[in-house]
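Remember, it's 1-based here, ligands and their atoms both numbered in the order they're listed.
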Amino acid sequence: MNRVKRRTMSLLSLVLIIAMGLSFYVYRYAVHGREWASFTSNKAVFSQGQLMVGTVCDRNGAVLATVDDGRRIYNEDPVIRRSTLHAVGDQYGNIGTGALSVFAPELIGYDPVNGAYTPDRKGGKVRLSIDSGLNAAAYEAMDGRKGVVAVENYETGEIVCMLSSYNYDPYYPPEDVSTPEYEGVYLNRFLSAAYTPGSTFKLVTLTAALERIPDLFDRTFECRGSVEIDGEYVTCTGTHGEIDINEALAVSCNCVFAELAVELGGDTLERYANDLGLTGSIKVSGIKTASGNYDKAADGSVDLAWSGIGQYNDSVNPAAMLRFVSGIANGGTAEEQTLLYGKSSGSDRIMKTSTAETIAKMMNYNVYYTYGEDNYPGLELCAKSGTAEVGGGADPHALFVGFIRDEKHPYAFVVIVENGGSGSRTAGRVANAVLQAAVNK
Ligand SMILES: [Zn+2]
């Protein structure tokens, strides 16, 4: 009896050990199988570094890239090919953040049962969140200038438009990318660049001021065209006279925001820049974005003043800026951004609902007071412009960020036109063209 029991026990332990080993293997296979299948040395799906299976579609099902007869085929419209270049990726893997690279496992159609191939051997299909028609509208509106146009559905986190400019037709890649025209052309500027935010950063200083200065709305400020801070001058864009905080944002008064920055102090501004997600790297469908930067200058210094109005050493990644304004639009909650069709899985509260609502109202007032409602027909627009000095005698970058209040079209946007001059004039016009295309579909 004892012997039988012993044997049973040892057999049982053997079975248990095998089961454990097997489950470990199954676990490893399930976790890493996707990576193993999508190694570029996997000859079945890659040819000279090119992914030779899978189809990339836009949110409406338009085919942006597929494979036919062993060749990579792109959309037939050259404007769509160019405008979706960075979203889709090129044939040679130079654009590392394109769908052909990032979503390779899904395009290969890997699944744990069938291995690397889907049964029909055509690979998988990836449906992006972007609308290629909006990308084309953004491309036309940018008219060959460098920069970024991005639109997000702030209720779902889906990026519905993502244009990085300059770009090229993937059928005719440039032979020499060292010319100024092609500077940084393989980078998706939306994900992988960081820009001086200029006056768009006043929204950060405003967020801090709204939450930290109780009598902000009771105050009257005076702008005399410049303000002395620690023996140096911060100059303004005009002489705005006696104004309240609503008008100060609407005319983008440097004097008022410089004084608020000094009053709030470097620690507070740094904390808000961090908490609003503008300094660290964020993830968009698993892709790590470029970090932004906020250097805390000494309390009371003119550098601190400039840092509160988006100059000094400030820089912001466009995706992070879009997430920030989307959070304002969405009542203080920023949805996780996604490049794939369908609502994202998570969200973060970045500010109080009451703060978000106040900022939205003020951004709407900017349009009424300064940017001109007639320039944005039919849109209930909330926006902030920026004209970011970049030095070296070059024209400043033009920025325009914000959102529309529209139940059917809950869109936030970021437009950056490099060396575009005035923010609201240049970048505002691009924003209007793309938003009109989005609303009037
Ligand atoms: Zn002023």
Decide yes or no on side chain to side chain donor-acceptor pair (under 3.5 Å) for Thr220 and Glu242, but give the supporting numbers first.
CA-CA 6 Å; Thr220 304; Glu242 282 203 354; 5.4 Å; no
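Aromatic ring pairs are classed by plane angle as parallel below 30°, tilted from 30° to 60° and perpendicular above 60°; the pair Tyr166 and Tyr182 is perpendicular.
Atoms of the protein (N, O or S only) found under 2.8 Å from the Zn ion (ligand 1) are Cys223 SG, Cys236 SG, His240 ND1, Cys253 SG.
Of the possible polar contacts, none joining the Asn419 side chain to the His397 backbone as a donor-acceptor pair under 3.5 Å is found. Put simply, the side chain of Asp299 gets close to the backbone of Gly266: a donor and an acceptor are under 3.5 Å apart.
Not counting sequence neighbours, Tyr154 has no partner by the ring-ring contact (aromatic ring centres under 6.0 Å, His included) test.
Between Lys441 and Asp131, at least one side-chain nitrogen of the basic residue sits less than 4.0 Å from a carboxylate oxygen of the acidic one, meeting the salt-bridge criterion.
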